Amino acid sequence: MAWASWTTCGVFSGHGGVLTEEVGVLSGDLTVHTTWAEDTAQITVQYSGAIDWFTMAGSPVACCSEEDSRRLHEAAVRAVRNGAAATVPLPPRAEPEQAAGSAPE
C-alpha cells in the first residue's frame with residue numbers, strides 16, 4: 001500500500017478561517033496536515049501546537065496519485081490562508097505533458 005503525508009505549520013488563516021466538520025470555523029495560527037493512502041486524501045487542521053485535529057470540510061477526497069495529493073495539500077494551505085470559511089478545494093490535476101514532436105498551437 002502506498003501512502004504519503006505532508007504537514008505545514010504556521011499557516012495564518014485569512015478572515016473567516018477554515019471550516020471544519022467537528023467544531024465549525026477555526027482561525028488564527030493553524031497547522032494543515034494531509035495524508036494520502038489508497039487513492040484518498042484526508043485533510044485535517046489544528047491550532048498550531050495543540051493536540052486535537054479537526055477534519056477540513058470536504059475531506060476526504062478522491063486523489064489518484066501521490067503527486068496530486070501533494071498539489072492538493074498546497075491548494076488546501078492556500079485556501080486556509082485565503083480564509084472565508086475555507087473548505088477542501090477540488091484536487092488539482094497534473095498538467096498533461098505535450099506529446100513528443102507535436103508543435104504548440
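Everything quoted here is computed from the prediction, not taken from an experiment.
- The minimum heavy-atom distance linking Gln42 with Pro60 is given by the pair OE1-CB, 3.4 Å.
- Thr34 and Ala41 make their closest contact through CG2-CB, 4.3 Å (heavy atoms, listed as atom of the first residue, atom of the second, distance).
- With sequence neighbours left out, the side chain to side chain contact (heavy atoms under 4.5 Å, CB included) criterion links Ala4 to Trp6, Trp36, Glu66.
- Sorted by first then second residue, the side chain to side chain donor-acceptor pair (under 3.5 Å) pairs that include residues 45-54, not counting sequence neighbours, are Asp29-Ser48, Thr31-Ser48.
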Can you list the steps and then say if Phe54 with Leu26 is a side-chain contact (heavy atoms from CB on, under 4.5 Å)?
CA-CA 9 Å; Phe54 303 100; Leu26 296 182; 3.7 Å; yes

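- Glu67 pairs by the salt bridge (charged side-chain N to carboxylate O under 4.0 Å, His left out) definition with nothing, not counting sequence neighbours.
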Going through the checks in order, is the side-chain contact (heavy atoms from CB on, under 4.5 Å) test met by Val11 and Cys9?
CA-CA 6 Å; Val11 179; Cys9 303; over 6 Å; no

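- Counting Ile, Leu, Val, Met, Phe, Trp and Tyr side chains that sit under 4.5 Å apart, directly or through other members, Leu19 shares a hydrophobic cluster with Val25.
- Leu90 contributes atom CG, which lies 11.5 Å from atom SG of Cys63 (distance to the nearest 0.5 angstrom).
- Partners of Thr35 under the side-chain hydrogen bond (donor to acceptor under 3.5 Å, both in side chains) rule, at least two apart in sequence or in another chain, are His33.
- Among the candidates Val18, Val45, Leu30, the single residue satisfying the side-chain contact (heavy atoms from CB on, under 4.5 Å) test with Ser13 is Leu30.
- Qualifying side-chain hydrogen bond (donor to acceptor under 3.5 Å, both in side chains) partners for Thr8, counting only residues two or more places apart in sequence or in other chains: His73.
- Applying the side chain to side chain donor-acceptor pair (under 3.5 Å) test to pairs two or more places apart or on separate chains, those with a residue in residues 15-27 are Glu22-Thr55.
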Given side-chain contact (heavy atoms from CB on, under 4.5 Å), test Val32 with Ile43 step by step and report yes or no.
CA-CA 7 Å; Val32 180; Ile43 302 175; 4.1 Å; yes

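- With values rounded to the nearest 0.5 angstrom, Leu72 atom CG is found 7.5 Å from Ser69 atom OG.
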